[in-house]
Amino acid sequence: MCSITGAAIDRIAAAIDQLASDARGEGGEPRPGELAARVAELWLMVSALDPELARRKEHYTKPADGTPSS
């Protein structure tokens with residue numbers, strides 16, 4: 001594994017750990033919408049490492065009836 005990829009994975013793991021801690025309320029209550037924004041940021045980080053995963057993720061985020069989500 002190249003060091004750039006390894007460093008990116010380390011940042012993602014740290015961000016996930018921090019998000020989990022904050023979701024449990026260990027650092028006080030997060031502001032409304034903050035956790036969702038941070039999850040979205042994590043997906044961007046993962047997508048940058050694996051564009052194919054990002055493409056496949058879209059399949060899971062589309063509504064079953066095919067209508068655009070708001």
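For the single chain, residues carry numbers from 1 onward in sequence order.
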* Closest heavy-atom contact between A8 and L49? -> CB-CD2, 3.7 Å
* **Separation of D22 CG from R38 CZ (nearest 0.5 Å)** => 4.0 Å
* Asked: How far does OG1 of T5 sit from CG of D50, to the nearest 0.5 angstrom?
  -> 10.5 Å
Contacts under 3.5 angstrom, residues 39-48 side chains, donor-acceptor by atom type, not counting sequence neighbours:
{"from": "S47", "atom 1": "OG", "to": "W43", "atom 2": "O", "distance (Å)": "2.7"}

